[in-house]
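Here the structure comes first, spelled out in structure tokens, and everything after it is commentary.
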Amino acid sequence: MNTHTPGEASMTRTVLVTGVSGHIGARVATSLAADPEIDRVIGVDTAPPPSPAGEDGAVLGRTEFVRVALRGPDLVKVIRDADVDTVVHLSLVSGPGGGRAGGRPAMKEHNVVGTMQLLAACQRSATVRRVVVRSTTAVYGSSPHAPAVFTEDTMPVEVSRHGYARDATEMESYVRGFARRRPDVTTTTLRFASLMGPGVDSPLTRYFSQPVLPTVLGFDPRLQFVHEDDAVEVLCRTARADHAGVFNVAGDGILLLSQCARRTGRPVVPMPSPAFRLVSGIARGARLVDFSPEQLSLMSHGRAVDTTRLAAELGWRPKYSTAAAFDDFLRSLGGPGELPRAVVDWLGHLVTGR
Amino acid sequence: MDDFRDRRTAGAATGGTAGGRAEERLAELFSFLRRRITGDYEVDEFGFDPELNEKVLLEAVRPLYRHWFRAKALGLGNVPADSGVLVVANHSGTLPVDALMLQVAMHDELGRSLRLLGAHLVYQLPVLGHLARKSGHTLACPEDADRLLRKGEAVGVFPEGFKGIGKPFSERYRLQRFGRGGFVASAIRAGVPIVPCAIVGAEEIYPKIGDLPSLARLLGLPYLPITPLFPWFGPLGMLPLPSKWLIEFGEPIRTDQYAPEEADDPMLVFDLSDHIRETMQRQLDALRLRRGPAFPPIAM
């Protein structure tokens with residue numbers, strides 16, 4: 001099946017989606033499966049999708065689910081047997097929790113070794129023409145010594161030494177290696193800002209769902225979000241047509257943590273950074289909030305990225321700004337707390353008589 | 001910016017009359033509080049919060065500018081009204097009070113928000129780093145400078161850095177070495193004019209007559225000054241002396257005759273940087289003469 005004509009965007013026939021049991025993976029697979037130009041969508045993951053699909057071979061819409069370990073011969077077989085031409089790699093996991101046993105070593109195995117195996121299979125394949133990889137803006141780190149806004153070409157000031165960001169950085173280096181060895185394959189790396197939306201379950205969404213928000217005293221980081229709908233849209237667009245390169249994906253604008261907290265209407269407890277570390281360590285131990293070290297530095301120094309390259313390449317901008325994505329997430333929480341607003345309004349009426 | 005001017009004239013009008021207008025101002029105050037408490041305001045990608053800056057931060061330092069230092073801004077016509085510009089100023093005074101005053105001058109006299117490029121130290125410190133971001137400033141690095149200038153902002157730099165602000169009182173009004181001239185390269189890349197700015201008055205606010213280098217090293221500070229009042233009078237020593245200030249914007253030096261690639265020509269960058277330094281030294285000497293004594297009643 002390696003009879004493709006170069007330069008044609010509509011050659012996509014069979015798409016492989018990894019990490020299909022995750023929220024974004026499932027949405028991307030479902031959306032691609034609904035596209036009549038795509039013949040087959042094969043979803044793979046180490047665990048079956050939560051619902052409605054159940055055991056191996058279950059169906060996510062039109063998606064065929066195959067349970068595989070990312071490392072191991074199964075995946076090579078799937079790619080070869082199904083003549084996969086597009087691979088959408090979404091299985092980067094952000095924390096050792098999330099139902100996956102094995103802690104940090106297993107997470108690293110999954111993220112880094114899993115990606116290596118997948119890329120090795122793609123390199124051998126004669127049919128794969130397009131690889132889309134989900135990465136994260138965490139690769140830029142969070143530092144007071146870095147530029148305020150990262151473009152795709154900015155080198156991180158300090159190489160991240162911690163879990164998620166380090167995995168993503170290593171993963172990206174393997175993707176670059178793959179792109180060099182297979183220049184005929186279109187390789188797209190998408191660096192997503194923190195995902196936000198009603199269906200997103202991440203350390204950050206869990207943080208904002210708490211009744212009280214601890215913050216680091218003296219710091220008010222800049223945060224940037226991308227709405228899940230926009231993330232799915234970008235992934236589907238890059239899976240359908242060639243857009244080679246590395247792209248930042250984030251909603252327009254930023255929010256300060258203090259602004260987010262005020263929008264939730266929840267009380268904030270500023271604490272000195274050692275205390276903040278201690279509390280988040282306890283919360284992590286108690287499996288309340290899974291706050292890793294790189295998230296702690298995000299909560300101090302923040303991060304913003306430039307998205308002009310993506311807009312220019314796709315001719316498209318995210319529908320939700322950072323603020324709109326956050327507000328949509330808040331609506332799913334049952335709306336922001338109205339008490340502070342009500343107090344100000346009441347005082348206003350009282351004083352001005354209006 | 002128009003919005004800002006309107007409010008100023010409105011404020012001047014209500015200043016005398018009071019009465020019915022007071023209610024309006026209260027209503028405005030409450031709508032301000034409501035926006036702040038519900039997080040319903042805009043902050044730019046650098047963390048600049050214009051509303052907070054204008055209504056709280058600048059408001060707090062404005063009395064210092066108007067009444068304590070009796071500051072006066074000159075050469076206002078040399079700063080473009082709404083396009084990108086790089087303001088290059090001398091740095092002095094032990095604490096960066098000159099940065100705050102320059103910010104007030106730009107905002108109140110020209111209606112422009114000054115976006116300063118600050119030292120790494122500022123952004124490492126809690127509270128200070130984030131206040132600096134909220135009032136529009138960012139880290140001195142080429143990426144941020146280029147980005148702000150491309151957006152048409154008024155960017156400010158103190159190329160002398162710590163060498164300027166931490167110099168002893170005996171070297172007052174003598175420009176120190178400029179850094180690597182990175183600011184010139186940024187201006188060339190963006191094709192924006194460079195406006196040299198002389199600040200007279202800041203040298204006398206905390207006359208640095210001594211230094212505690214070992215203690216400074218211990219605290220991780222670039223210097224720890226001894227002034228006539230500090231540390232002898234404790235917190236009182238933090239009070240700046242009420243010197244008379246003049247801030248003068250000089251004639252813009254154009255960079256648009258160079259191609260953006262010429263920013264990578266170190267010779268051009270050094271020459272231009274030296275030229276700016278000489279211009280500023282002359283400007284500074286002339287302005288110091290024009291001001292006369294730093295503390296007029298005492299000199300008389």
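Chain A is the first sequence line, chain B the second, and so forth, proteins listed ahead of strands; every chain is numbered from 1.
- The contact between A:A146 and chain B is made entirely by backbone atoms, counting heavy-atom distances below 4.5 Å.
- Interface remark: of the candidates A:V216, A:D306, A:T154, A:D306 forms the most heavy-atom pairs closer than 4.5 Å to chain B.
- Atom OG1 of residue A:T189 and atom CG of residue A:N248 lie 11.0 Å apart, to the nearest 0.5 angstrom.
- Between atom CD1 of residue B:I188 and atom OG1 of residue B:T255 there is a gap of 6.5 Å, rounded to the nearest 0.5 Å.
- Contacts between residues 139-155 of chain B and chain A, counted as heavy-atom pairs separated by less than 4.5 Å, involve B:L139, B:C141, B:E143, B:D144, B:R147.
- When atom types are taken as modelled, the side chain of A:Q259 and the backbone of A:L256 share a donor-acceptor pair closer than 3.5 angstrom.
- For the options B:V43, B:D44, B:L125, B:T138, heavy-atom pairs under 4.5 Å to chain A are most numerous at B:V43.
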### Task
May I have the step-by-step check of side-chain hydrogen bond (donor to acceptor under 3.5 Å, both in side chains) for A:R262 and B:Y41, ending in yes or no?
CA-CA 11 Å; A:R262 287 168 190 181; B:Y41 49 89; 2.8 Å; yes
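- Proximity of a side-chain donor or acceptor of A:T307 to a complementary backbone N or O of A:L310 within less than 3.5 Å is not detected.
- Checking side-chain atoms of B:Y223 against main-chain N and O of B:T94 turns up a donor-acceptor pair under 3.5 Å.
- At a heavy-atom separation below 4.5 angstrom, chain B is approached by A:L217, A:G218, A:F219, A:D220, A:P221, A:R222 within residues 217-233 of chain A.
- Neither the backbone nor the side chain of A:T322 comes within less than 4.5 Å of any heavy atom of chain B.
- A donor-acceptor pair is defined here as one N or O able to donate and one able to accept, closer than 3.5 Å; such a pair exists between the side chain of A:Q210 and the backbone of A:Y207.
- Panel note: side chain B:Q176, backbone B:E160; no donor-acceptor pair is recorded below 3.5 Å.
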### Query
side-chain hydrogen bond (donor to acceptor under 3.5 Å, both in side chains) between A:Y140 and A:R191: does it pass, once the steps are laid out?
CA-CA 10 Å; A:Y140 299 115; A:R191 292 178 180 155; 2.8 Å; yes
